[in-house]
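Just the heavy atoms: all of them, side chains too, but no hydrogens, waters or symmetry mates, feed the values below. Chain letters run A, B, ... following the sequence lines, proteins first, then strands; residues in each count from 1.
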Number of protein chains: 2
Amino acid sequence: MNQIFSALSDPTRRAILTLLRQGEKSAGELAEPFHISKPSISHHLQTLKAAGLVLDDRRGQQIFYSLNTTVFQDVLSWMLEMTDRGESRQVSREEDNQ
Amino acid sequence: MNQIFSALSDPTRRAILTLLRQGEKSAGELAEPFHISKPSISHHLQTLKAAGLVLDDRRGQQIFYSLNTTVFQDVLSWMLEMTDRGESRQVSREEDNQ
DNA sequence: CTAATAATTAGATGATTGTCTAACTATCTA
DNA sequence: TAGATAGTTAGACAATCATCTAATTATTAG
């Protein structure tokens with residue numbers, strides 16, 4: 001959990017995740033919009049990957065990254081517990097727990 | 001938004017928030033469970049307060065801290081948007097690309 | 001095999017961060 | 001007013017972090 005929150009604490013990494021909402025993208029495509037070097041973006045991607053927030057898939061020379069939504073569920077649960085104030089909570093209104 | 005995620009990135013601060021789920025607590029009460037100095041906890045509390053995650057209320061010599069759930073809603077929304085994969089809702093473009 | 005492209009790894013560096021002790025402010029009570 | 005208690009602020013320091021350039025790995029095309 002700590003790894004996840006640490007990964008989410010950087011604005012560039014959150015922006016990368018936002019980009020990935022459009023669908024999978026190669027490391028190069030992810031680097032373009034930013035004014036930081038490609039190695040730096042690569043490093044951020046490793047951080048996100050280590051946290052389980054993204055998945056990677058090499059196809060030829062490119063490595064495609066995509067969101068791993070299951071891990072976001074963990075954070076969502078944590079956040080929901082916070083707003084619930086600790087009462088034993090039933091899976092509220094959205095029971096779409098995939 | 002950055003301030004919020006930064007505040008959430010530290011394990012001690014998250015533990016403080018978890019403690020506050022039981023209800024408001026004084027700075028001293030919050031410091032007890034940790035083997036960290038009181039000034040350090042105080043500093044963490046300032047960080048949480050600046051992020052809007054907690055509210056403070058001085059009563060006599062003590063200052064009571066409590067969860068500010070409205071701010072958690074912001075993070076929840078962000079997380080939900082991530083799992084939504086970008087359909088329909090406007091992506092509140094938090095930050096930058098730099 | 002060689003060159004080119006995509007991406008990562010390595011090593012260095014300046015900035016930020018979490019922690020500490022010491023000193024200070026605020027409040028209550030005798 | 002003095003002393004005690006609760007908490008914060010100040011200053012220092014080591015560890016972590018985001019970033020860079022240079023070098024390296026992986027893959028494809030000629």
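Taking only side-chain atoms of B:P39, from C-beta outward, the nucleotide of C:dT21, C:dA10, C:dT19 with the closest atom is C:dT21. Distances from the side chain of B:Q61 to the nucleotides D:dT21, C:dT9, C:dC28 place C:dC28 closest. The side chain of B:L45 sits closest to D:dT8 out of D:dA26, D:dT8, C:dA6. Side-chain proximity of A:R13 to the nucleotides C:dA7, D:dA18, D:dT8 is greatest for D:dA18. Among the nucleotides D:dA18, C:dC20, C:dT9, the one closest to the side chain of A:H44 is D:dA18. Closest contact between the side chain of B:K38 and the listed nucleotides C:dC20, C:dT8, D:dG7 involves D:dG7. Taking the side chain of B:S42 as heavy atoms from C-beta on, and the options C:dA7, D:dC20, D:dT8, the nearest nucleotide is D:dT8.
Note: CG (A:D56) to P (C:dT9) measures 10 Å, nearest angstrom. Atom CD in A:Q62 sits about 5 Å away from atom P in C:dA7, given to the nearest Å. Between A:I63 atom CD1 and C:dT5 atom C1' the separation is 13 Å, expressed in whole Å. Atom-to-atom, CG of A:D57 to P of C:dA6 comes out at 17 Å; the value is rounded to the nearest Å. Atom NE2 in B:H43 sits roughly 20 Å away from atom P in C:dC24 (whole-Å rounding). Residue B:L30 contributes atom CG, which lies 14 Å from atom P of D:dA6 at whole-angstrom precision. If you measure from atom CZ of B:R58 to atom P of C:dA26, you get 8 Å, rounded to the nearest angstrom.
With no hydrogens or angles considered, a side-chain donor-acceptor pair links A:S37 and A:S40 at under 3.5 Å.
The CD atom of B:Q3 sits 10.5 Å away from the CG atom of B:L48 when rounded to the nearest 0.5 Å. Interatomic distance, CD1 of A:I63 versus CG of A:L30, reported as 11.5 Å (0.5 Å rounding).
Within the structure, every side-chain polar atom (N or O) of B:Y65 is placed at least 4.0 Å from both OP1 and OP2 of D:dA6. One finds a side-chain N or O of A:S26 lying less than 4.0 angstrom from the OP1 or OP2 phosphate oxygen of C:dA7. Close to D:dA18, at under 4.0 Å from its OP1 or OP2, lies no side-chain N or O of A:S40.
Both A:S9 and B:Q46 sit near DNA chain D, but only B:Q46 has its closest nucleotide nearer the 5' end.
Judged by distance alone, the side chain of B:N68 and the main-chain N or O of B:V71 form no donor-acceptor pair under 3.5 Å.
A:R59 and A:E24 are joined by a salt bridge, as a carboxylate oxygen and a charged side-chain nitrogen come within less than 4.0 angstrom of each other.
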